[in-house]
Amino acid sequence: MPVRLRKLIGTVLIIILVIVYALTAVTFASLLLGASPWWVHLLYFFLTGLLWILPAMLIIKWMEKPAGNR
């Protein structure tokens with residue numbers, strides 16, 4: 001697969017990942033953490049704010065692979 005196509009696909013996947021992940025994290029927080037103290041919200045959003053990096057790293061690693069020889 002050409003590098004440019006892989007980078008385009010990876011970019012679209014990362015955008016989709018961030019949108020879906022953010023909506024899921026906020027929905028989960030609003031349903032289950034509504035009556036929790038402020039520090040629970042802070043901890044939750046700190047951890048979920050960092051957690052999306054793991055799947056994004058895998059996508060970026062895939063995007064940066066060198067092109068295969070033909």
Side-chain angles (χ1 to χ4, degrees):
M1 179 180 299
V3 175
R4 288 180 65 153
L5 178 60
R6 196 174 12 212
K7 286 187 179 189
L8 175 66
I9 293 170
T11 302
V12 171
L13 285 176
I14 288 175
I15 291 170
I16 292 170
L17 168 74
V18 169
I19 291 170
V20 170
Y21 185 79
L23 290 174
T24 304
V26 170
T27 303
F28 180 78
S30 66
L31 291 176
L32 299 178
L33 300 178
S36 300
W38 66 270
W39 59 270
V40 174
H41 289 259
L42 181 68
L43 182 64
Y44 173 77
F45 283 111
F46 177 76
L47 293 175
T48 56
L50 293 176
L51 194 62
W52 70 272
I53 295 172
L54 297 175
M57 283 175 34
L58 294 174
I59 295 171
I60 292 171
K61 189 179 287 189
W62 173 78
M63 286 169 49
E64 293 298 321
K65 284 196 309 190
N69 295 336
R70 291 182 183 184

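Predicted model only: the values in this text are computed from it and were never measured.
- To the nearest 0.5 angstrom, Trp38 atom CH2 is 10.5 Å from Leu43 atom CG.
- Counting only distance, with no hydrogens or angles, the side chain of Tyr21 and the backbone of Gly49 share no donor-acceptor pair below 3.5 Å.
- In this structure, Ile60 is a member of the same hydrophobic cluster as Leu5, with clusters built from ILVMFWY side-chain heavy atoms closer than 4.5 Å.
- In this structure, Val40 is a member of the same hydrophobic cluster as Phe28, with clusters built from ILVMFWY side-chain heavy atoms closer than 4.5 Å.
- In summary, of the residues considered (Ile9, Leu8, Ile14, Leu13), a side-chain contact (heavy atoms from CB on, under 4.5 Å) with Met63 occurs for Ile14 alone.
- Using a 4.5 Å heavy-atom cutoff, the side chains of Met57 and Trp62 are not in contact.
- Ile53 and Leu47 fall within a single hydrophobic cluster, where Ile, Leu, Val, Met, Phe, Trp and Tyr are joined by side-chain heavy atoms under 4.5 Å apart, directly or via other members.
- Between Ile59 atom CD1 and Arg6 atom CZ the span is 13.5 Å, to the nearest 0.5 Å.
- The backbone N or O of Leu33 sits nowhere less than 3.5 Å from a side-chain atom of Tyr44 that would complete a donor-acceptor pair.
- Linking ILVMFWY residues whenever their side-chain heavy atoms come closer than 4.5 Å, directly or via other members, places Phe46 and Leu51 in the same cluster.
- Nearest heavy atoms, Leu17 versus Ala56: CD2-N, 3.8 Å.
- Hydrophobic clustering, with ILVMFWY side chains joined whenever heavy atoms are under 4.5 angstrom apart, groups Trp52 together with Leu50.
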Would Leu54 and Leu58 count as a side-chain contact (heavy atoms from CB on, under 4.5 Å) if you check the C-alpha gap in whole Å, the side-chain angles of each, and the deciding distance to 0.1 Å?
-> CA-CA 7 Å; Leu54 297 175; Leu58 294 174; over 6 Å; no

